[in-house]
Participant: 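Can you read through this structure? Questions will come right after.
Small disclaimer: the values here were computed from a predicted structure and weren't measured. All values below come from the heavy atoms of this structure, side chains included, with hydrogens, waters and symmetry mates left out. One-based numbering, in listed order, for ligands and for the atoms of each.
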Amino acid sequence: MPHCENFAPIILTGDRPTGPLHLGHYVGTLKNRVAMQRSHRQFVLIADAQGLTDNADNPDRIRRNVIEVCLDYLAVGVDPAYTTICLQSSLSALNELTLFYLNYVTVARLERNPTIKDEIRTRGFGRDIPAGFLCYPVAQAADITAFKATVVPVGDDQVPIIEQTNEIVRRINRQAAREVLPEAKAVVPKIGRLPSIDGEGKMSKSQGNAIYLSASRHEIGTAVRRMYTDPGHLRISDPGKVEGNVVFTYLDAFDPDVDAVADLKASYRHGGLGDIALKQRLEQVLETLITPIRERRAELSRRPDDVIDVLRQGTQTSRIVTQQTLEELREALGLFILA
Ligand code: ATP
Ligand code: MG
């Protein structure tokens with residue numbers, strides 16, 4: 001059982017095992033998870049059931065990536081001594097909560113969710129939207145509330161999902177005439193959405209535009225060379241645009257030397273700094289960040305049984321917590337309880 005104070009605020013956060021984790025996860029949420037794990041009671045959910053909502057024809061992809069995501073957690077410093085890591089599809093209470101919560105949300109409301117709208121477009125569902133996909137924010141409300149989480153460190157694409165969660169929480173509390181469930185607050189970092197390397201939309205596992213935390217030196221170099229800069233910046237001496245220039249967005253996110261980045265921006269705007277030099281700096285910065293993660297990951301992947309043990313133990317602990325909430329909810333909604 002991880003170390004924690006009983007009164008520590010509870011965190012629930014997680015990832016879909018649709019692929020290994022990338023730099024977007026790192027800035028968007030992993031960094032916060034590592035920073036907050038000692039001051040909070042933290043649960044991290046590998047959301048494999050949610051991963052199936054747009055991968056029903058490829059469950060093998062989801063199954064394979066459970067361990068990959070778990071390896072990424074451990075490699076960046078999510079520590080099982082402080083954080084409970086668990087597997088969504090092994091926690092049946094989450095499904096039962098989802099079924100109750102579906103009655104406290106309308107289809108029209110689900111269709112208005114801006115993140116869902118955007119994801120439906122990028123996944124090319126057209127009118128053939130899997131019902132499970134449209135409803136995943138309700139399942140996510142079940143995940144968050146089952147742990148009674150009040151803090152959710154996420155990228156900014158998740159903010160509308162947390163709002164949806166809180167609407168459900170308020171409706172249930174109103175129905176029960178007492179506060180059965182707490183509302184949750186999204187904790188979004190300054191760079192809440194890392195763009196993809198081509199500057200089109202966010203970096204995402206499902207869109208093949210990511211730099212993974214397990215990337216080799218060669219893969220980092222290839223991705224950085226493909227990065228979108230300023231198409232109007234043809235000669236080194238030309239003034240260039242910093243806004244919307246993906247290389248600068250990444251330097252802002254990952255380069256610890258803020259003053260040096262400010263100087264680079266000034267000389268790029270003025271003219272005299274070439275894209276190649278700029279990209280070489282970014283490549284170095286990313287290499288410095290990723291190398292220790294990649295090495296720890298390689299070491300851990302030689303002990304897959306230990307990784308599975310972490311997940312098994314975390315899931316057992318989480319089963320008790322989520323089952324307890326389910327029982328409280330049944331009672332609060334006034335269901336017939338068979339003794
Ligand atoms: P998929 O494409 O399968 O949806 P994903 O790359 O969007 O995968 P998720 O598992 O959906 O990753 O997201 C997990 C967490 O990582 C969420 O908190 C999300 O906000 C955050 N996150 C994902 N991509 C980014 C990004 N590009 N920038 C910042 N945060 C991100
Ligand atoms: Mg996503």
Participant: Ion pair present between Arg217 and Glu283, side-chain N to carboxylate O less than 4.0 angstrom?
Facilitator: no

Participant: Please report whether the ring centroid of Tyr268 lies less than 6.0 Å from that of His233.
Facilitator: yes

Participant: So, 4.0 Å and heavy atoms of Gly14: is ligand 1 close enough to count as a contact?
Facilitator: yes

Participant: Can you confirm whether Leu194 sits close enough to Tyr26 that some side-chain heavy atom of one is under 4.5 Å from a side-chain heavy atom of the other?
Facilitator: no

Participant: I need the atoms of ligand 1 closer than 4.0 Å to a non-hydrogen atom of Gly192, numbered in the order shown.
Facilitator: 29 (C), 30 (N)

Participant: Considering only the protein, which heavy-atom contact is closest to atom 13 (O) of ligand 1, and what is its distance?
Facilitator: His25 NE2, 3.8 Å

Participant: Check Glu119 against ligand 1 and report side chain, backbone, both or neither, counting heavy atoms closer than 4.0 Å.
Facilitator: neither

Participant: If you apply the rule side-chain contact (heavy atoms from CB on, under 4.5 Å), what do you find for Leu12 with Val152, and how did you get there?
Facilitator: CA-CA 6 Å; Leu12 182 279; Val152 190; 5.5 Å; no

Participant: Looking only at non-hydrogen atoms, which of Asp157, Val154, Leu194 approaches atom 19 (C) of ligand 1 most closely?
Facilitator: Asp157

Participant: Arg123 heavy atoms, cut-off 4.0 Å: which ligand 1 atoms fall inside?
Facilitator: 1 (P), 2 (O), 4 (O)

Participant: What protein heavy atom is closest to atom 11 (O) of ligand 1, reported as residue, atom name and distance in Å?
Facilitator: Arg16 CD, 3.3 Å

Participant: Which residue supplies the protein heavy atom nearest to atom 5 (P) of ligand 1, what is that atom called, and how far is it?
Facilitator: Lys202 NZ, 3.5 Å

Participant: Looking at ligand 1, would Val27 count as a contact under a 4.0 Å heavy-atom criterion?
Facilitator: no

Participant: Please work out, at 4.0 Å between heavy atoms, whether the side chain, the backbone, both, or neither of Arg193 comes within that distance of ligand 1.
Facilitator: backbone

Participant: How are the rings of His22 and His25 set relative to one another: parallel (under 30°), tilted (30 to 60°) or perpendicular (over 60°)?
Facilitator: tilted

Participant: Could you see which bit of Gln50 sits under 4.0 Å from ligand 1, with heavy atoms only: side chain, backbone, both or neither?
Facilitator: neither

Participant: Using the benzene-type ring in the case of Trp, are the ring centres of Tyr104 and Tyr101 under 6.0 Å apart?
Facilitator: no

Participant: Taking Asp48 first and then Arg16, would you say they form a salt bridge - that is, a charged N and a carboxylate O separated by under 4.0 Å?
Facilitator: no

